[in-house]
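Numbered from 1 within each chain, the chains take letters A, B, ... in sequence-line order.
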Amino acid sequence: MRRCAGFLLAMVLSFIAGQASAGECAFSCGDLTGDHAIALDDYVEFADCLGLAIGAAPQCACADLDGSGVVDLFDAALFMLVFAEVSDETPPACTGAIGSTANLTAYRPQHGAGYAPFARTAVAEIDEESPITGPGIRINSPGDNDPAGEDDLIEVVLDVAPAGAPLALRRSQDALRVWTTRSKSPGTEVAFSGDKTGALPIGETDHALTFWVEWALPVHGVATLTVEPVASGVVKDALVFHSFSSVVIALGGENQVPIDPPNSNLGTFVVAVDLYRAGYDVHMYDEDHVTADGSGAVYNEVVHAIQHRGVETVGIFGYSHGGGSTYDLAERLDIHRAGIGVFEIEFTSYVDSVSNNSDFDTAQELRRPPSTQVHVNHYQRGSFFEDLGLDGGPVPNSLPPPTGLDVETTPWGAGATHFEVDDFVEVRVFIMSTLIANISF
Amino acid sequence: MRICLWSRVVGVLALLVTGGLAWGVQEASPSSDPAFQAAIAAFADAESGADRGQALGELLALDEPPYHRLVREVVLHSSQAADVKNAMTGGVILGELKLSDRDLVEAVMPLLGSNLPDEVAAARGALEGVEDRSAGRRPDFSTYRAILEERIRAKQELPAPFVRYIYEAHPGEALLAMMRAQQLREPAELKEILWAEHVVSDTLWKQRYGFLAAETVEPEAADQLARLAGHPQWWVRLYVVEIMRQHGAFHQAEHVEKLQDDAHELVRARAMEVAQGPSVSAN
């Protein structure tokens, strides 16, 4: 019994000593909750610690702003100085000086010379630190020469206050490199020393800096980029990048032009834009960019992604002639595997697929795309009057099983025509959810 | 009279108001015939099965078999289509005509020489269906060969845009189609061309399937191409420049320079393109 009590006392004393000697707080002065803001919730935590030793509760180490070992009125005075402001200091070195604010905004990937046909799309604040829906980035290995210019770097805008605040970036992995130019012009790299840069080149009167993030190693992963003061480790904001191991291709119907935002008549591109905003590397094309033998710009893009960007997974979906082109593209990729490399076509989808041997081909495309792991198929039954007799049809081994869905057998799809079948929200949701279930980023 | 006038006014006003709001505003190609285009539009916009059938009859009545004029108008209509319905209307009409591949090619051929890129693209899009293309096999140029042979026998000039197109579509098949259309008889003549095309194609095959790097050309393939660069027949020399244009690894500056002064315009023009710009890699 005595031995047991002694053991317990030793445990308690070591806990208190541990707390007292640590005095370490990872957050900025006054930010007891670690949410990058100094507000009422922090005040509540502080008030709970007032008059107590720092070991009394976990948050009290952060409440001891001057490092005296107790949370007292001196700490309260410092707390009131920074309340509703920001601090670049961390306890126990708090002086009450007001710090800087910094916000990072990453954008979804570019294509060729810019963002078109997608709109320049910021990653939502709520998604910034998600390894799934946060900023996706293409591997940019040496030797990856993009024909339309370097488009694999991710644009990031850093907003700061006050102007010219001394801030730095920290990376969690050296896969991330940072440049002040999109094309990685010589002399524009922002150098890291270890994993932290020096002061960023923010002009004295500037409130913003645009820089470009590169994933420079041929290995997939997740990496964090944070912004903090030069002189401390107070994290102001963070971005979590995930490298793309997949590429997704969307092919519209005859004469449907990729655009963002797409109107409701362009169901294929509505899905494509939604997936792009959800964090996938999506490429939208006019189906004419896939010729009848599968060759063309789309094939070249997929092969380039596999050979130079570490892409292992391909998804392809199309409507009408875009469905026919889905078959042709998958066939060419499958036939030429020996010369391309190792990859999997994990997902394909047809909506009322029409064979695309020529612009005037009107036959149903009923063949399952070669080597696809999962194939989704939606179709309706055409009539000469309503839709010139154009339609897809059942495709073996498709989802919904066994051959896909004739939408006209559903309440929502009854009476559908070839010209609207791609626009049903039920069709779009099924395509998107099935792709997401089968293709990681 | 007054009612007739007002109905026209209302009709025009309706067009002005709704024309810009219609789903897919169709504009006519400048080369097209308004009567044909109106009939095609009536077919596309028919409001009943009976109307559509009638519209098709009226459309067919504007031309007569083998409907070359109608086919061209259909292709032109598709080249300006602003939505899926109008874009696919052409294929439906052509399906109703049940044309032979030969008739389709003959009908579309003049559009290959259009100054308007949309019309040329539409014509090329129609021809792809005749070639039965697939990733697993070479295109079928048998229809082209027959057309070429007939014209060569009749000592007619071959349409330059058509020749340019078939060489762009597949230089090897174009070379062989031209060779057969020329009615060569001497085995030695035939073998020289057959062997060269085979060796070059074999290198392309090896590049395609990863046996050779894309920038590697086997010495014999380069030699065969060099030999053909000096061939007496222009359609053989055209094959050489087209291969060099599509596959940069085959580029041989010395021969490109000579072919820029070639006696045949098509060869000259293509050689100049090769000399000026980076080649397209089409594998």
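Taking both residues in full, the closest heavy atoms of A:Thr362 and B:Gly91 are given as CG2-C, 3.5 Å, listed atom of the first, atom of the second, then distance. Closest approach of A:Ser320 to B:Val84, counting heavy atoms only: OG-CG1, 4.5 Å. Of all the heavy atoms in B:Met88 and A:Asp361, the pair that sits closest is CE-O, 4.0 Å. In plain terms, the two heavy atoms of A:His336 and B:Tyr209 that are nearest each other are CD2-OH, 3.3 Å. Listed here is the closest heavy atom pair of B:Glu96 and A:Phe384: OE2-CE1, 4.2 Å. Listed here is the closest heavy atom pair of B:Arg133 and A:Thr291: NH1-CB, 4.4 Å.
For the options B:Ala126, B:Ala50, B:Ala122, heavy-atom pairs under 4.5 Å to chain A are most numerous at B:Ala126. In terms of heavy-atom pairs under 4.5 angstrom with chain A, the leader among B:Ser48, B:Gly210, B:Gly136 is B:Ser48.
Checking A:Glu331 against B:Ser134 by side-chain atom types alone, a donor-acceptor pair falls below 3.5 Å.
For the pair B:Val92 and A:Leu390, the minimum side-chain heavy-atom distance is below 4.5 Å. Looking only at side-chain heavy atoms (C-beta outward), B:Thr89 and A:Leu388 come within less than 4.5 Å of each other.
Between atom CG of residue A:Asp293 and atom CD of residue B:Glu131 there is a gap of 9.5 Å, rounded to the nearest 0.5 Å. Expressed to the nearest 0.5 Å, how far CG of B:Asp83 lies from CD of A:Gln256 amounts to 9.0 Å. Put simply, CD on B:Glu47 and CD on A:Glu386 are 13.0 Å apart, with the number rounded to the nearest 0.5 Å. Between the CZ atom of B:Arg124 and the OG atom of A:Ser358 there is a distance of 15.0 Å, given to the nearest 0.5 Å.
Both the backbone and the side chain of B:Val75 come within contact range of chain A, judged by heavy atoms closer than 4.5 Å. Residue A:Val354 touches chain B through its side chain alone, counting heavy-atom pairs closer than 4.5 Å.
Side chain of A:Asn357 to backbone of B:Gly129: no donor-acceptor contact under 3.5 angstrom is found. Under a 3.5 Å cut-off, the side chain of A:Arg332 and the backbone N or O of B:Ala135 do not form any donor-acceptor pair.
More than 12 heavy atoms of other residues, nucleotides or ligands shown are found within 6.0 angstrom of NE2 on B:His170. Within a 6.0 Å radius of CG in A:Asn263, more than 12 heavy atoms belonging to other residues, nucleotides or ligands are found.
Looking at B:Leu104, B:Leu94, B:Val71 one by one, the single match for side chain to side chain contact (heavy atoms under 4.5 Å, CB included) with A:Phe360 turns out to be B:Leu94.
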